[in-house]
Amino acid sequence: MSRIAYVAGQYLPHRQAAVHIEDRGFQFADGVYEVISVVGGRLVDAERHLQRLNRSLGELRIPAPLGDAALGIVLREVIRRNGVDTGIVYLQVTRGAAPREHAFPKAAKPTLVVTSRRSRPPDPRLGDDGIAVITIPDIRWQRCDIKSIALIANVLGKQAAREASAYEAWQVDRNGEITEGTSTNAWIVTEEGAVVTRAADTAILNGVTRLAIFDIIGREGYRLVERPFTVAEAKAAREAFLTSTTADLLPVVHIDGVPVGEGRPGPLALKLRAAYFAHAASAA
Ligand code: PDD
């Protein structure tokens, strides 16, 4: 079955789906995106993703190409046409196509692209054994709260992780504090059992998975503290983990080669991971 994409108003096979060479996404990375999980053919936490999309668009003054209801119909139609039961849907909105000039064009229509694909079953070893992260300087811009398609620093960081045989790179600000991973949010569990993650300031993306974990923590009565933590604190933490739409929740067992706790997934991370899977399945 050939994959179908939605591009500027049409559903097309990927090989025919294209955007203009002067699209500002291509020329300036002038656009935003979302990645939403699909479980049982349904979108997980769609409302929060669309809220964040609208916020990102608003911050960049890009008009929304469709209202939420119409966009929801397109997302579900792309999932249906691709026969995706478990996977992701990707959507990107750019400021549109116009002759290359940095300032906003007077008359450009935003470009909307939606794709969807099945995901391979996640390697169970990632959850069972945990993963390794490295730390790298955070060289990104100062508005990481916007889900911008300008991801070159994230791309370089993820590649550095791959070359170090690590799953992710945790980015570190000038204070020695971890902001987040290149495509994931970062968490630790302290000796006292508090779950710590950075507050959603302009240095991180306010992850939808992060918010789902907040709900679970509140419901289960664990202690949540939103504050920055340093690399040294993370290495000495009882547990560590990361979250995102594509990674779900993965225990972090090594940071720069240093074992976290006993170098095995921590009990709280595993409980939260199981609860998150239950949450994602219940959305379906
Ligand atoms: N990344 N931080 C960054 C920099 C991210 O790019 C992402 C998501 C997250 C986690 O957000 P969420 O829980 O809403 O997925 C945090 C997506 C999955 C990506 O770029 O593929």
Side-chain angles (χ1 to χ4, degrees), residues 25 29 31-39 43-57 59 75 86-93 113-120 122 126 131 133-162 167-173 177-187 195 197-217 226 228 240-250 252 269 272-273 275-277 279-280 283:
V32 300
Y33 75 107
E34 283 293 329
V35 182
I36 310 176
S37 278
V38 180
V39 175
L43 296 164
V44 178
D45 291 333
E47 204 172 304
R48 278 180 170 158
H49 281 282
L50 295 190
Q51 263 171 19
R52 186 173 65 188
L53 173 71
N54 288 324
R55 179 177 183 279
S56 296
L57 288 169
E59 292 297 310
L75 296 176
T86 303
I88 55 125
V89 62
Y90 173 83
L91 77 96
Q92 176 171 327
V93 181
V113 170
V114 181
T115 58
S116 182
R117 70 162 189 245
R118 283 179 218 151
S119 48
R120 279 176 258 141
L126 294 178
I131 49 122
V133 303
I134 57 168
T135 60
I136 57 169
D138 194 337
I139 59 166
R140 300 174 302 162
W141 73 328
Q142 289 168 31
R143 289 304 309 275
C144 295
D145 54 313
I146 299 170
K147 201 158 172 57
S148 156
I149 58 172
L151 288 174
I152 191 58
N154 309 58
V155 165
L156 295 175
K158 189 74 90 183
Q159 184 60 23
R162 288 289 174 277
Y167 182 91
E168 177 62 297
W170 277 2
Q171 301 168 107
V172 181
D173 69 14
E177 289 166 341
I178 291 164
T179 53
E180 61 181 338
T182 64
S183 64
T184 56
N185 288 119
W187 308 67
V195 185
T197 196
R198 194 179 177 111
D201 52 19
T202 53
I204 68 161
L205 186 75
N206 190 1
V208 169
T209 320
R210 174 182 183 274
L211 295 174
I213 299 292
F214 280 12
D215 292 345
I216 293 166
I217 289 173
E226 287 183 84
F241 61 94
L242 54 77
T243 57
S244 82
T245 297
T246 43
D248 302 310
L249 184 157
L250 290 175
V252 171
L272 292 172
R273 177 173 154 85
Y276 179 74
F277 282 135
H279 160 74

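In what follows, residues are counted from 1 in the order of the sequence shown. Every number for a ligand or one of its atoms is a count from 1 in the order of the listing. Side chains included, hydrogens not; waters and symmetry mates left out as well; all remaining heavy atoms used.
- At a threshold of 4.5 Å between non-hydrogen side-chain atoms, the residues L53 and K147 do not count as touching.
- For ligand 1, the polar-atom distance check finds an N/O of Y33 within less than 3.5 Å of one of the ligand's N/O atoms.
- For V35, every heavy-atom contact with ligand 1 shorter than 4.0 Å involves the side chain, none the backbone.
- Ligand 1 has no atom lying under 4.0 Å from any heavy atom of L211.
- Contact annotation: the side chain of V133 approaches that of E168 to within less than 4.5 Å [non-hydrogen atoms, C-beta and beyond].
- Summarising the geometry of W141 relative to S148, their closest heavy-atom pair is CZ2-CB, 4.3 Å, with the distance given to 0.1 Å.
- Under a 4.0 Å heavy-atom criterion, E34 is not in contact with ligand 1.
- Taking atom 13 (O) of ligand 1 as the reference point, the nearest protein heavy-atom neighbour is T209 OG1, 2.6 Å.
- Judged by distance alone, with hydrogens and angles left aside, the side-chain atoms of S116 form a donor-acceptor pair with the main-chain N or O of I88 at under 3.5 Å.
- Contacts of L151 with ligand 1, taken as heavy-atom pairs under 4.0 Å, are absent altogether.
- In this structure, the protein non-hydrogen atom closest to atom 8 (C) of ligand 1 is K147 NZ, 3.3 Å.
- Within ligand 1, counting atoms from 1 as listed, the ones closer than 4.0 Å to a heavy atom of T245 are 12 (P), 13 (O), 14 (O), 15 (O).
- Checked by distance only, ligand 1 and S244 stay at 3.5 Å or farther apart across all their nitrogen or oxygen atoms.
- When non-hydrogen atoms are compared, ligand 1 lies under 4.0 Å from neither the backbone nor the side chain of I204.
- Residue contact annotation: R48 has no non-hydrogen atom under 4.0 Å from ligand 1.
- Looking only at protein heavy atoms, the nearest one to atom 2 (N) of ligand 1 is E180 OE1, 2.6 Å.
- Aromatic ring pairs are classed by plane angle as parallel below 30°, tilted from 30° to 60° and perpendicular above 60°; the pair F214 and W187 is perpendicular.
- The atoms of ligand 1 that sit less than 4.0 Å from any heavy atom of T246 are 18 (C).
- For R198 against I178, the heavy-atom pair with the smallest separation is NH1-O, 3.3 Å.
- Each of the following atoms of ligand 1 lies closer than 4.0 Å to a heavy atom of N185: 10 (C), 16 (C).
- Shortest non-hydrogen contact noted between I204 and A199 is CD1-O, 3.7 Å.
- Proximity to G207 (heavy-atom distance under 4.0 Å) selects the following atoms of ligand 1: 11 (O), 12 (P), 13 (O), 14 (O).
- For atom 7 (C) of ligand 1, the nearest protein heavy atom (residue, atom name, distance) is S183 O, 3.3 Å.
- Summarising the geometry, atom OG1 belonging to T184 is positioned 8.5 Å from atom CG belonging to L250; distances are rounded to the nearest 0.5 Å.
- When each of I213, N185, L242 is paired with L249, the side chain to side chain contact (heavy atoms under 4.5 Å, CB included) condition holds for I213 and for no other.
- In this structure a side-chain-to-backbone donor-acceptor pair under 3.5 Å is present from E180 to L205.
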